[in-house]
Protein chains: 2
Amino acid sequence: MLTKITIYEDNETLRKGLEELLTLSDEFVVTGSYGNCMQVLEQLKEENPDIILMDIDMPGMTGIEAVKKIRQVNTGVAIIMLTVFDDNKNVFDAICAGASGYLLKKNVSEKLISSVKDVLSGGASMSPAIAKMVISSMQRHAADYRLSAREHEILTLLCKGNSYKMIASELNLSFETIRSYIKKIYEKLQVSSATEAVSKAINERLI
Amino acid sequence: MLTKITIYEDNETLRKGLEELLTLSDEFVVTGSYGNCMQVLEQLKEENPDIILMDIDMPGMTGIEAVKKIRQVNTGVAIIMLTVFDDNKNVFDAICAGASGYLLKKNVSEKLISSVKDVLSGGASMSPAIAKMVISSMQRHAADYRLSAREHEILTLLCKGNSYKMIASELNLSFETIRSYIKKIYEKLQVSSATEAVSKAINERLI
DNA sequence: ATAGCGTACCCCCATTTTGGGGTAACTATA
DNA sequence: TATAGTTACCCCAAAATGGGGGTACGCTAT
């Protein structure tokens, strides 16, 4: 069965090129091809494609906004972002909005078909440069505050929203014991309130 | 110049295979090849490779522990994990520990050389399945609690560790106003303490 | 025009948290 | 055998927070 693909790309030359590239292979059919994504929801409903190629920078509505709109009504269709931007913000916004892949325009000609196949088989597609950015963002890690196992445990419970009392009963320790632990934790994390501790713990991946 | 590669892999057949595969191309030289990573730090210092291929499941010390050790003394060397595991935990642990790529053993023969080249040129290498896992983890997004702009602003300040007082002075509002906003925020988020709110806000990416 | 929402402020009271001071047993280790 | 680190407990007082009430103004959409 043919794979249905809809294209959003405001550069007409590139758009035509994409259409041709996809049509050359007899596995794909281009169900729609547009210079902006103002009617994206209607077109999605109408054409029901398997894959959407979405440029980020388009007049009227950005590709990222379009992805958000699409994901509100359809979580299934695969969306590959197609863009000249390789900066952190665009990549993360697109991924968080719900894109399944991120292809830089300079790589389109070699990578398009394989990317499409990757997402069709349930995977995601990222160029090495994009993958590097994503991985780096996961690695900004933990200064080591040398929390003991017990301190770590108590911090974890605190981060789940437990009060001192709840932590005490959870761990079968006295309220006062929890207090002294938390004092020590605050000291080690260099904070002075539960909210600071929780925010630091989560953001720096201590828990 | 030749690219120096060290291999850690306890399956001897596979290890020999990797050596041959790499040596076939005249761009690589295998500087070391070991069945466990007990001496990884000494070997790293001795051989100073450009790339390390690291199996996850090895006797004595896991590849993930080895990566952590390596990253404590060397942030430059690229590390490609080589494993049969494609479960969430192993992938994330490896990436967070500092791996630059993650290759499933079933894909090794076709993907090894291109993965090595990807990481050599400063990128990262992930199979589509791994990329999918990583992307999915970034997408678990925001139930919409319909916070107003002001409520969002106050929640953000709360998450940074500010007390009610500090928020009030920051926004030039009265202490009591902040209190009533926070009460409303708790209601919308269905929580009843600052720690819960902060944890929910960060984990569900509300801020 | 009126109901709803967001904004901004105020009161009370009880509970919780924080910051400062302690003590003491146990374990590991140098 | 000191010494450090962890675990566990206690007191006090001040500050912050949570839950419950309110009022008022302006905007918007019905």
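A note on names: the letters A, B, ... follow the listed sequences, proteins ahead of strands, and every chain is numbered from 1.
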Report task. Would you confirm whether A/Arg71, through its side chain, and A/Asn74, through its main-chain N or O, come within 3.5 Å as a donor-acceptor pair? Result -> yes

Query - Between C/dG4 (C1') and B/Arg146 (CZ): distance, integer Å - result: 15 Å

Report task. Could you check how far CD1 of A/Ile178 sits from P of D/dC9, rounded to whole Å? Result -> 8 Å

Requested in this report: Could you check how far CG of A/Asn172 sits from P of D/dC9, rounded to whole Å?
Outcome: 10 Å

Report summary line: To the nearest angstrom, the OH-P distance between A/Tyr145 and D/dG5 comes to 19 Å

Query raised in the report: For the pair made of CG in A/Leu158 and P in C/dT17, what is the distance, rounded to whole Å?
Result: 8 Å

Query raised in the report: C/dC9, C/dT17, D/dT6: which one has an atom nearest the side-chain heavy atoms of B/Ser174?
Result: C/dC9

Query raised in the report: Looking at the side chain of A/Arg179, which of D/dA8, C/dC11, C/dG19 is the nearest nucleotide?
Result: C/dG19

Query raised in the report: Is atom NZ of A/Lys188 surrounded by more than 12 heavy atoms (other residues, nucleotides or ligands) closer than 6.0 Å?
Result: yes

Query - Gap between atoms CD and C1', on B/Glu153 and C/dT7 respectively (whole Å) - result: 12 Å

Query raised in the report: Counting just side-chain N and O atoms, does A/Ser180 come under 4.0 Å of either OP1 or OP2 of D/dT7?
Result: no

Query raised in the report: Does atom NZ of A/Lys69 have more than 12 heavy-atom neighbours from other groups under 6.0 Å away?
Result: no

**Report entry** Separation of C/dT17 C1' from A/Met166 CE (nearest whole Å)
**Finding:** 15 Å

Query raised in the report: Between B/Asp55 and B/Lys105, is there a side-chain N and carboxylate O pair less than 4.0 Å apart?
Result: yes

Query raised in the report: How many Å lie between CD on A/Glu176 and C1' on D/dC12, as a whole number?
Result: 10 Å

Query raised in the report: Nearest 0.5 Å, what's the CG-OH distance between B/Leu82 and B/Tyr8?
Result: 14.0 Å

Query raised in the report: Between C/dG6, D/dC9, D/dT17, which one does the side chain of B/Ser163 approach most closely?
Result: D/dT17

Query raised in the report: Looking only at side-chain N and O atoms, does B/Thr177 come under 4.0 Å of OP1 or OP2 in C/dC9?
Result: yes

Query raised in the report: Would A/Arg179 and A/Glu176 pass as an ion pair if we require N to O under 4.0 Å?
Result: yes

Query raised in the report: Are any non-hydrogen side-chain atoms of B/Lys4 and B/Ile51 less than 4.5 angstrom apart?
Result: no

Query raised in the report: Going by heavy atoms closer than 4.0 Å, what residues in residues 181-198 of chain B are next to DNA chain D?
Result: B/Lys183, B/Tyr186, B/Ser192, B/Ser193, B/Ala194

